[in-house]
Amino acid sequence: MSSFIDSDNDSLEITRRHLLESLRFPTFVIVVLWVVHSYQYLTGFDAGMYGIMSRRVWGLSGIFTGPLVHGSWGHLISNSFPMFVLTAITFYFYRKVAMQAFWIIYFMTGAAVWLLARPVSHIGASGVVYGILSFIFWTGIFRRSLRSIILAGIVMLIYSGMFFGLLPDQEGISWESHLLGSIAGIVTAFWFKSELEDEETERRHHPFADEEGVEKQYFLPRNAFEKTKAQRQWEAEEEERRRQEAAQQNPFLPPYWNRDQTW
């Protein structure tokens, strides 16, 4: 008969399995990017034809294909590492919404670039990278959970240099993709702000709550405001009559005595 797994080993196994699951999709994304660029390198097709050409009907297809093509190996490498790391972080810490958030950022960024960016072909996954970075940061702000805030701070500390990618008029850089991707990340973070993970959900107790099974004590009766004026007056008269009867039976009791008090 197999022995039961102790809690520590079980937690370690669960963490390891969750980590591996969180790496699957980011790995798939990176493999697709490298396969596409390898095919581009071998065949020599023009990446610009598959980019997002703003406000051109034929450029609409670039919303789907633009993030998959890159101008050079250096361009691909510079996007691959942050894409893998940030996507893995999203899938590890926000697994309930990670897949939906990724694709919302992907297509929202592309659509915004097509509508608002300069009329040039925009290629590369950097807009999506900025969107995921923005999503992680603003999720911490919107959810206000300690874990999310710490994670947002760490990510922004590591990738703070990416802020310069938002500045306009940089030759050869689609700063519009970066800016619009960041905005898409903010919108997505706001949309999913209520989808808390199990680890973020904390059981909250009122500071004056009683222990389980013990009847709660209140300063006023729970139905105090439901009684009519006549009912409250009748209860006051009954209380006064009871005190007078008690005083008559035992004249040595102080006049402010009532049977509900303990001494």
_For Phe45, is the CZ atom crowded, meaning more than 12 foreign heavy atoms sit under 6.0 Å from it?_
yes
*asked:* More than 12 heavy atoms of other residues, nucleotides or ligands under 6.0 Å from CE of Met49: yes or no?
replied: no
*Determine, using ring centers only, whether Phe64 and Phe107 are less than 6.0 Å apart.*
yes
_Test: side chain to side chain donor-acceptor pair (under 3.5 Å). Region: residues 104-125. Which pairs qualify, not counting sequence neighbours?_
Arg118-Glu176, His122-Ser174
*State whether Arg17 and Glu13 are salt-bridged, where the test is any N-O pair (Lys NZ or Arg NE/NH1/NH2 against Asp/Glu carboxylate O) under 4.0 Å.*
yes
*Heavy-atom pair of closest approach, residues Arg55 and Pro119*: NH2-CD, 3.9 Å
Would you be so kind as to tabulate the donor-acceptor pairs closer than 3.5 Å made by side chains of residues 180-190, with sequence neighbours excluded?
from   : atom 1 : to     : atom 2 : distance (Å)
Ser182 : OG     : His178 : O      : 2.9
Thr188 : OG1    : Ala184 : O      : 2.7

*With no hydrogens and no angle check, is any side-chain donor or acceptor of Ser54 less than 3.5 Å from a backbone partner on Val113?*
yes
*Taking all atoms of both residues into account, what is the closest heavy-atom pair of His18 and Tyr92, and its distance?*
NE2-O, 2.7 Å
*How close do Gly110 and Ile52 get, heavy atom to heavy atom, and via which atoms?*
CA-CD1, 3.7 Å
_Minimum heavy-atom separation for Met162 and Leu133, please, with both atom names._
SD-CD2, 3.8 Å
_Listed partners of Phe25 passing side chain to side chain contact (heavy atoms under 4.5 Å, CB included), at least two apart_ = Phe28, Val29, Thr87, Phe91, Met99, Phe102, Trp103
*Do NZ/NE/NH1/NH2 and the carboxylate oxygens of Arg241 and Glu237 come within less than 4.0 Å?*
no
*Minimum heavy-atom distance Val128-Ile105, with the two atoms named*: O-CG2, 4.1 Å
*When the ring planes of Trp73 and Trp34 are compared, do they come out parallel, tilted or perpendicular, using 30° and 60° as the limits?*
tilted
*Give the minimum heavy-atom separation between Leu86 and Ile136, together with the two atoms involved.*
O-CD1, 3.7 Å
*Centroid-centroid distance, Phe192 to Tyr94, less than 6.0 Å*: no
